[in-house]
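The block underneath contains the structure these notes are about, expressed in structure tokens.
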Amino acid sequence: MTGCTPASTSSSTSSGSIVESAAVTTPVPISTEPGQDQATISTDAVPGLNPESASQADLHIFYRWFSLAGHSELGDAQKAVIQQWIDDYTNDHEPVFDSGVAKPELNIQPVLTAATQDVIGVRLESYEFLGASGATSFQTLWYFLKDHKALTTRDLFKDDEARERMIELAKTELLKDPDAFTEEAEQIDGTYLKSLNFDSAGNGLVEFDEYAVAPGAAGPQVITIPAKDLLPLLNKQGEAAREAGMSAQTNGATVPSNVQTTAANPSTGASSAQTTAPSTITAPPTAPAAPSSNSVDCAVTKCIALTFDDGPGPYTQRLLDTLEQYNAKATFFVVGANVGRYKETLMREAANGHEIGNHTWSHRSLPTLSDEGVSQELESTSDAIANVLGYAPNLVRPPYGATNSRVNQLAHNPVILWDVDTVDWKSLSSDAVVKEATASAHPGAIVLMHDIHSSTVDAVPEILKRLSAEGYQFVTVSQLLSSKSPAAGVVYSSGPASAK
């Protein structure tokens with residue numbers, strides 16, 4: 001990213017002392033690109049912290065946030081920011097229909113930038129695609145666990161005078177950047193001060209929304225405010241946030257060896273980094289083998305395939321309990337960004353004979369991305385799954401069902417859609433989900449649901465009960481399609497109807 005090289009030669013050993021040292025390279029980690037959940041801080045660093053997801057499929061809206069047991073205020077603060085972004089987006093767009101052109105999209109992802117016993121830093125990244133080009137916005141929240149309080153970047157400064165001084169420092173650094181718009185840089189005010197993080201020396205990393213102060217080709221602008229200039233401006237909460245951010249960068253929260261940082265490339269729909277697949281994949285000792293697709297002949301058996309998207313999530317284990325009670329098999333199309341936090345859930349899915357499919361890393365609408373962007377979303381997810389299970393998924397489900405011939409070919413696997421949509425994300429009603437799933441069921445159906453919704457998981461026992469009574473056998477997608485010999489790059493929405 002342009003502007004990522006710190007100008008300071010100062011380093012800090014604690015929140016209150018500054019010593020001279022070589023410049024500290026910006027740790028790059030403020031990014032949610034495919035494969036980079038470990039490039040910031042693993043969610044495992046905070047016990048009880050879970051990524052949660054939601055969507056509005058008709059508007060191509062997908063968002064994630066962190067919840068923390070016993071700290072509802074953290075989730076509420078993130079959701080307030082997310083809701084404002086959604087409101088701004090929906091005020092400009094009608095519901096998305098199949099128009100044959102690139103559709104608008106809003107995708108919001110969180111990353112941890114700091115995590116101590118006292119302070120958690122959460123950076124939200126919002127990518128908005130308007131049909132021709134996209135732009136990324138940022139906001140960082142600082143959560144103080146003892147106080148049960150979330151603060152914005154603006155709340156970290158002593159007073160209005162300190163904030164104004166921070167803005168003047170930001171202007172000075174921006175005007176050094178040849179890519180920055182001079183007029184826009186000179187006019188920045190407090191509304192731009194939304195995302196402040198820290199490197200290991202305590203320098204401040206101020207992030208500006210894409211297109212706000214520089215051309216889109218330059219990528220999001222991150223400027224560095226030297227620690228010696230920043231520290232006198234911070235209040236006690238700001239000092240604590242800074243110390244937490246510094247600790248994050250000195251306790252292993254660094255870019256892993258398989259992540260290569262590059263300049264922004266707007267054509268990929270990605271920003272600051274890319275991932276390459278590990279040279280070898282070693283399965284855990286208890287990793288199950290990929291489920292067989294030949295145990296059921298759905299050409300003669302009354303089969304139906306239940307599929308669950310967007311997980312794993314906090315309700316998936318309960319869903320697995322229900323499926324196990326009915327000896328029902330299902331297919332889980334997982335989001336790569338969730339794999340790291342829910343490894344045990346993913347392994348249980350596979351161990352119970354369910355099928356794992358690829359639902360991209362960050363739930364981006366694939367037709368809006370370049371070839372490189374599509375491959376990055378899919379390959380990073382396959383790598384994450386393979387590193388847990390020892391094998392990569394062999395089915396792809398594109399988010400929103402949005403695909404085209406180019407995406408199909410880049411998938412390098414069969415592309416799986418559906419012919420029964422429960423619309424569970426919209427109703428959030430167990431009764432409505434049961435009604436949609438059972439009324440539209442037919443032999444060979446592929447049923448779309450989402451295990452990120454508690455209401456959907458609540459509906460599954462009744463769905464299994466009713467359809468079992470009608471003689472259905474619940475199979476994976478690969479079992480359902482086995483007689484069709486599914487091919488890479490081909491789209492499938494249903495399986496064969498049984499001969500019965």
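Nothing here was measured: the structure is a model prediction, and the numbers come from that model. Reckoned from all heavy atoms, side chains included, excluding hydrogens, waters and symmetry mates. Residue numbers run from 1 in the order of the sequence given.
Considering only heavy atoms from C-beta on, I446 comes within 4.5 Å of I416 through its side chain. In this structure, the side chains of T140 and K194 stay at 4.5 Å or more apart for every pair of heavy atoms. Taking the side chain as every heavy atom from C-beta outward, N107 and E105 approach each other to under 4.5 Å. Contact annotation: the side chain of Q237 never approaches that of W142 to less than 4.5 Å [non-hydrogen atoms, C-beta and beyond]. Looking only at side-chain heavy atoms (C-beta outward), S382 and P393 come within less than 4.5 Å of each other. Contact annotation: the side chain of K465 approaches that of Y326 to within less than 4.5 Å [non-hydrogen atoms, C-beta and beyond]. Looking at heavy atoms from C-beta onward, P104 lies out of side-chain contact with L59 at the 4.5 angstrom threshold. Using a 4.5 Å cut-off on side-chain heavy atoms (C-beta onward), P414 and V490 make no contact.
Atom CE of M449 is separated from atom CG of D421 by 10.5 Å, given to the nearest 0.5 angstrom. A distance of 5.5 Å separates OH in Y391 from CD1 in I356, rounded to the nearest 0.5 Å. To the nearest 0.5 Å, atoms CG (L410) and OG (S370) are separated by 9.0 Å. Rounded to the nearest 0.5 Å, atoms CD1 (I108) and OH (Y89) are 10.5 Å apart. One finds the CD atom of E349 at 8.0 Å from the CG atom of L319 (value rounded to the nearest 0.5 Å). Within the model, atoms CG of N404 and CG of L366 stand 9.0 Å from one another, a figure rounded to the nearest 0.5 Å.
Side-chain atoms of R341 come within 3.5 Å of backbone atoms of L49 as a donor-acceptor pair (strictly under, hydrogens ignored). The main-chain N or O of V477 is found under 3.5 Å from a side-chain atom of T331 such that the two form a donor-acceptor pair. Formation of a donor-acceptor pair under 3.5 Å by the Q78 side chain with backbone atoms of F66 is found in this model. Checking side-chain atoms of T153 against main-chain N and O of L196 turns up a donor-acceptor pair under 3.5 Å. R406 places a side-chain N or O within 3.5 Å of a backbone atom of P367 that can act as its donor or acceptor partner. Using modelled atom types, one side-chain atom of H354 and one backbone atom of A330 make a donor-acceptor pair closer than 3.5 Å. Side-chain N or O atoms of T90 include one that pairs as donor or acceptor with a backbone N or O of D87 at under 3.5 Å. Side-chain atoms of T381 come within 3.5 Å of backbone N or O of W361 as a donor-acceptor pair. A donor-acceptor pair under 3.5 Å is formed between the side chain of K329 and the backbone N or O of N352.
Summarising the geometry of Y492 relative to A487, their closest heavy-atom pair is OH-N, 2.9 Å, with the distance given to 0.1 Å. The heavy-atom pair separating S53 from I452 by the smallest distance is O-CD1, 3.4 Å. When all heavy atoms of Q479 and T476 are compared, the closest pair comes out as OE1-N, 2.9 Å. A pairwise comparison of heavy atoms in I304 and A445 identifies CG1-O, 3.6 Å as the closest pair. Shortest non-hydrogen contact noted between V119 and A244 is CB-CB, 3.8 Å. Scanning both residues, F138 and D209, for their nearest heavy atoms gives N-OD1, 3.0 Å.
There is no side-chain donor-acceptor pair under 3.5 Å between N50 and E52. T403 and N408 share a side-chain donor-acceptor pair at under 3.5 Å. Checking D88 against Q84 by side-chain atom types alone, a donor-acceptor pair falls below 3.5 Å. Judged purely by distance below 3.5 Å, without hydrogens or angles, the side chains of T136 and E210 pair a donor atom with an acceptor atom. Using modelled atom types, one finds no donor on one side chain facing an acceptor on the other under 3.5 Å when comparing T301 with Q473. There is a side-chain donor-acceptor pair under 3.5 Å between Y143 and E73.
The 12-atom threshold is exceeded at NZ of K484, counting heavy atoms of other residues, nucleotides or ligands nearer than 6.0 Å. Remark: E470 CD is packed, more than 12 non-hydrogen atoms of other residues, nucleotides or ligands lying under 6.0 Å away.
Put simply, the residue from F333, W418, F332 that forms a ring-ring contact (aromatic ring centres under 6.0 Å, His included) with F308 is F332.
Under the side-chain hydrogen bond (donor to acceptor under 3.5 Å, both in side chains) criterion, the residue pairs touching residues 307-319 are T307-R397, D309-R397, D310-H359, D310-H363, T316-D451, Q317-T345, Q317-R348, R318-S454, R318-D458, with sequence neighbours excluded.
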Stepwise side-chain contact (heavy atoms from CB on, under 4.5 Å) test for S429 and S455: CA-CA 6 Å; S429 162; S455 51; 5.9 Å; no
- prompt: Stepwise, does the side-chain contact (heavy atoms from CB on, under 4.5 Å) test hold for F129 with S365?
  reply: CA-CA 10 Å; F129 180 78; S365 179; over 6 Å; no
- request: Tell me, with the steps shown, if V433 and H453 meet side-chain contact (heavy atoms from CB on, under 4.5 Å).
  value: CA-CA 11 Å; V433 173; H453 300 308; over 6 Å; no
- prompt: N394 and E355: side-chain contact (heavy atoms from CB on, under 4.5 Å), yes or no, with the steps?
  reply: CA-CA 9 Å; N394 57 14; E355 184 167 28; 3.6 Å; yes
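With sequence neighbours left out, the side-chain contact (heavy atoms from CB on, under 4.5 Å) criterion links D155 to L151, T152. Here Y63 pairs with W65 under the ring pair (Phe, Tyr, Trp, His ring centres under 6.0 Å) rule; sequence neighbours left out.
A salt bridge links R123 to E125: one of the charged nitrogens lies within less than 4.0 Å of a carboxylate oxygen.
Using cut-offs of 30° and 60° for the angle between ring planes, the H71 and H148 rings count as parallel.
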